[in-house]
Amino acid sequence: MDLIKVESKWQKIWADTGLYKFHRDRVDKKWYVLEMFSYPSGAKLHAGHWYNYGPSDTYARFKRMQGYEVFQPMGFDAFGLPAENYAIKTGIHPQDSTMKNIATMEEQLKKIGATYDWDYELYTCVPEYYKWTQWLFLQLYKKGLAYRKEAPVNWCPSCNTVLANEQVVQGECERCGTTVIRKNLTQWFFKITEYAEELLRDLDKLDWPEKTKLMQKNWIGKSYGGEIEFAIKGREETFRVFTTRADTAFGVTYVVLAPENPLVDVITTPEQKAAVEEYKLNASKVTEIDRLASTREKTGVMTGAYAINPVNGREVPILVADYVLASYGTGAVMGVAAHDERDYVFAQKLGLPIERVVKSADGGSDDLPYCDYGVMINSGEFDGMTSEEGKIAVIRKLEKEGKGALKTNYRLRDWLVSRQRYWGAPIPMIHCEHCGVVPVPEKDLPVRLPYNVDFTPDGVSPLAKCEEFMNVTCPVCGRPARRDPDTLDTFVCSSWYYLRYPDNRNSEKAFDTEWINKMLPVDKYIGGAEHACMHLLYARFFTKALRDMGYLNFDEPFLSLVHQGTILGSDGFKMSKSRGNVVSPDDSISKYGADAFRVYLMFGFSYVEGGPWNDNGLDSISRFFDRVERLVTKCYGMNFGDAPMQKAEKELNYVRNNTIKSVSADLETFSFNTALARVMEYVNAIYAYDSAVSAKTSFFKDCVRDLVLLMAPFAPHFCEELWEMLGQPYSVFNQAYPVCDEKALVRDEIELAVQINSKLRARITVASTASKSEIESEALKAVEAQLNGAAPKKVIVVPGRLVNIIA
RNA sequence: GCAGCCGUGGCGAAAUUGGCAGACGCGCCGGAUUUAGGUUCCGGUGGGAAACCGUAUGGGUUCAAGUCCCUUCGGCUGCACCA
């Protein structure tokens, strides 16, 4: 069969007949299959894209044949840095290059032959879409979930923009690898921390890979502890520290404030002023990477002020040190040198006292610092208590005195969403000298991104230099005002696109609530694991926030998630242009066809693992197709009649139904490789039957027919053609997927292994209805000689599997 | 450093979740068809002459361990002074 011809033939017919149009009236049977949308890069689709889209499409077709109304849309995450950087280099406007890339990618995606309904396509970079991204921003603002604050933020000096916490990897910019520095800037944040608890709790509801859930759990980082309030000697002010080890409170020998803590300026004594100022300045210059280095020397200076420990009234010095983070807890910690690794190192360095207040439990290490839990000592009324009890008891006591409280903290930070870049959705806010920060009225949306802008990076938002954009009338007072010059992080655009797909043409609303509540949540979401703590977390946050605003009635956007593995270059490294190991599917496809290529990807790799590319097996897929096709041609001109099933037919029928059952189960779990192995076994069984039985009945044709149906989701063009060759009505994808006949799986006889002392010694064949005692006596008979007449100590019968005789 | 995952033939990988390790395919070997090569079809293929031994290593639990528990080694991923 000329697969290349066949593929374009059916792609045309599928398009002409609208085979993959989504039928809204069947929404009660909907099955929303979503692949993470792509960034429209200039490069062609590579093997990795096919690895994402091909198998997902197989899954979608399987669901369709099971009777679901599959909704499988496709679109483009079209705002973002690469287009802008490309523009800076070449002068080609991001909008022009992006739209061109999209057109190219659409064409290539169509070659995969997937069941996308292109009527629901979307691009995030067009006003019809980003109008609603802006609308969403305004809703979050109204709800108090979008706010502006000055804070130390991550700044990438190469991309000339701030970054979210999640976009800093090992102290480097996720995009370009430049070392990130810290800056104090006023920026827009989304209050994702408000949902920390629910984001954590609802992970239990999700059918997601455990490792992904664990990553989110760790990222959210819930920690139980308490706050302890310290008074400042000779002053009115007090401050609190957060600790998870209140049981060590009697061992506090100093306290430390973060350099950014506003209290520092208040309490520093005149004698220490200069030293503290210098320290603060140096701390602000430290790059993220230096700050993260574990070998980094701990530093700090005295403020000259003293705090009073509420548990024992002791005066301890207050220091400033940058190992304390302003953004976590209270920005202040108590220093317990004897029982905390970091405090110990710090105290040694600065010559601060070390006092032990917890005795090691039996077997615990007795070297400083004693970080393990033990029994409290030198702790007044708490002496003798275990750490476990004490850390609660100490806080409880302070609570009664109004000097402490049990407290839970999260490591999750609010999401910084403003970017000093051009190619993104403008933030719909206006700055008015008289009215302050004012939201753009919803009726004025979208705030259009102007085309003619100088986006040469210089650390200032490109839009700030575009006067026609910046100048605006204040919607409150009517006086001249300025627009916000920043754009939104592209993750904002991609955090709600799954809500837009089913209602992508809606010009009145972001989406229709009633409709979206029927179409969502997504039933199967497919995409890379690298999004665990970014996109996947943000999307969950948006869904929950929109639910609380009444726009949605579900809690989670993606019920079930699968990560596809990565196809590496044949050298075992990640495919990259610079390495020159990018595998283009083009050659393979023009030689073997798209179906063979995608079947090869599904068969040769474990879907969630991926692995290094090699094309050794592609020929074999081609041969396998030929083998299947020959079975179809065997059905031509045969004189089929009906006849009762004999032994051979029953055997093949068993394999057929077993295949149906296994393949269906494997497709549910994205185990494409084993599903195809079962199909191959089935083909082998049909051949065995064919050579053994000369007088065939219509049973043979039924078996071949089922084979084509079974294979159709894997090799859609090929099987559509085979279906036609079998004289069946168009389309194979309107057929029901074969359903296993459980009766056919009931065998008259089964084979069991017989073990003596767990070693295989014989095989027996027994009636499938045989009782345990019948099996036992058959087994004993089979190994009689080897037992030498000795009575077995014990016999274990595992029905359907084996018999183990303990001699 | 902390957390998690992984380690199975010459190769890609399976193993119904504690029950006959290596399914399926590649490669290789042999046979049939063919003038020959290729194609196709059939058979073999973890090691060992065998008893037996085999799932990175050493121990443990169990009638039974690739699977569960502990040790060591190697690889991957995430987090990284979060008090």
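All chains are named by letter (A, B, ...) in the order of the sequence lines, taking the proteins before the strands, and each is independently numbered beginning at 1.
The local environment of NZ in A:K403 is sparse, with at most 12 non-hydrogen atoms from other residues, nucleotides or ligands closer than 6.0 Å. With a 6.0 Å radius and a threshold of 12 heavy atoms from other residues, nucleotides or ligands, A:E530 has its CD atom above the threshold.
Counting distance only, with no hydrogens placed and no angle test, the side-chain atoms of A:R801 and the base atoms of B:U16 include a donor-acceptor pair under 3.5 Å. Judged by distance alone, with hydrogens and angles left aside, A:K298 brings a side-chain donor or acceptor within reach of the base of B:C81, the pair sitting under 3.5 Å.
An OP1 or OP2 oxygen of B:C53 is reached within less than 4.0 angstrom by a side-chain nitrogen or oxygen of A:K759. The side chain of A:S662 places no N or O atom within less than 4.0 Å of a non-bridging phosphate oxygen (OP1 or OP2) of B:U16. A:N684 has a side-chain polar atom (N or O) that falls below the 4.0 Å cut-off from OP1 or OP2 of B:G25.
Relative to the six-membered ring of A:Y370, A:R356 meets both conditions, a distance below 6.0 Å and an angle of at most 45° to the axis.
Of all nucleotides present, only B:C42 satisfies the Watson-Crick or G-U wobble test against B:G30, with each distance under 3.5 Å.
Atom CH2 of A:W219 is separated from atom P of B:A80 by 5 Å (rounded to the nearest Å).
Residue contacts shown for A:N804 include a base, since a base heavy atom lies under 4.0 Å away. Across all strands shown, A:R678 has heavy atoms under 4.0 Å from base atoms, whether or not it also approaches the sugar-phosphate.
With P as the reference atom, B:U16 and B:C68 are 12 Å apart, rounded to whole Å.
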